[in-house]
Amino acid sequence: MTGFAPASANARFTHIEQITVNTFDLHLLVEPGRPYHMEASNKVGPEASWQNLGAFSSPTSNHIYRHIAVGNPPPQQFFRAVSP
């Protein structure tokens with residue numbers, strides 16, 4: 001699991017916490033009240049295909065996004081939180 005925030009995103013990953021073998025909490029700093037969506041990919045770069053994991057908005061600047069990975073062991077994934 002790797003946190004990744006492109007320059008165009010207004011969210012910044014602070015750390016990733018492993019809760020169980022397949023459950024991870026992604027800790028982010030965000031702009032309060034702004035809409036975001038979390039995306040995941042198994043690679044980075046121009047050829048990367050990003051999967052939308054869902055939308056969120058936070059009333060505070062700290063947000064925790066819980067991700068449950070499928071597979072044993074969980075696949076390596078990259079994440080980004082982007083705002084439209």
Side-chain angles (χ1 to χ4, degrees):
M1 295 265 153
T2 304
F4 174 76
S8 61
N10 295 320
R12 184 171 61 87
F13 286 88
T14 58
H15 68 284
I16 298 173
E17 177 182 8
Q18 187 169 4
I19 306 301
T20 67
V21 172
N22 289 59
T23 305
F24 300 85
D25 280 354
L26 310 173
H27 295 256
L28 302 109
L29 288 177
V30 297
E31 185 179 321
R34 186 178 186 123
Y36 291 89
H37 62 270
M38 184 66 70
E39 297 180 341
S41 179
N42 59 1
K43 58 184 162 181
V44 293
E47 71 285 350
S49 175
W50 293 91
Q51 175 189 8
N52 188 343
L53 300 177
F56 69 90
S57 181
S58 178
T60 67
S61 61
N62 294 307
H63 182 75
I64 298 173
Y65 181 88
R66 179 155 287 175
H67 178 70
I68 300 172
V70 178
N72 190 13
Q76 178 176 343
Q77 291 182 301
F78 300 91
F79 296 91
R80 65 183 184 185
V82 295
S83 183

Distance (rounded to the nearest 0.5 Å) between [X] [atom1] and [Y] [atom2]:
X	Y	atom1	atom2	answer
Gln77	Leu53	CD	CG	7.5 Å
Leu28	Met38	CG	CE	4.5 Å
Phe79	Phe24	CZ	CZ	8.0 Å
Ser83	His37	OG	NE2	8.5 Å
Glu31	Thr60	CD	OG1	12.5 Å
Leu29	Asn62	CG	CG	5.5 Å

Any donor-acceptor pair under 3.5 Å linking the side chain of [X] with the backbone of [Y]?
X	Y	result
Ser61	Val30	no
Asn22	Ile68	no
Ser41	Val44	no

So which atom in Pro35 and which in Pro84 form the shortest heavy-atom distance, rounded to 0.1 Å?
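So the two residues come closest at O-CD, 3.5 Å.
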Minimum heavy-atom separation for Arg80 to Trp50, with atom names?
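Nearest pair, atom of Arg80 first, then Trp50: NH2-CD1, 3.1 Å.
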According to the interplanar angle, ranging from 0 to 90°, do the rings of Tyr65 and His67 count as parallel (below 30°), tilted (30 to 60°) or perpendicular (above 60°)?
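Ring orientation, 0 to 90° scale: parallel.
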Flag side-chain contact, heavy atom, 4.5 Å: His27 against Asp25
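Yes, their side chains come closer than 4.5 Å.
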CA sep, side-chain torsions, deciding dist, call: Glu17, Ile64, side chain to side chain contact (heavy atoms under 4.5 Å, CB included)
CA-CA 10 Å; Glu17 177 182 8; Ile64 298 173; 5.9 Å; no
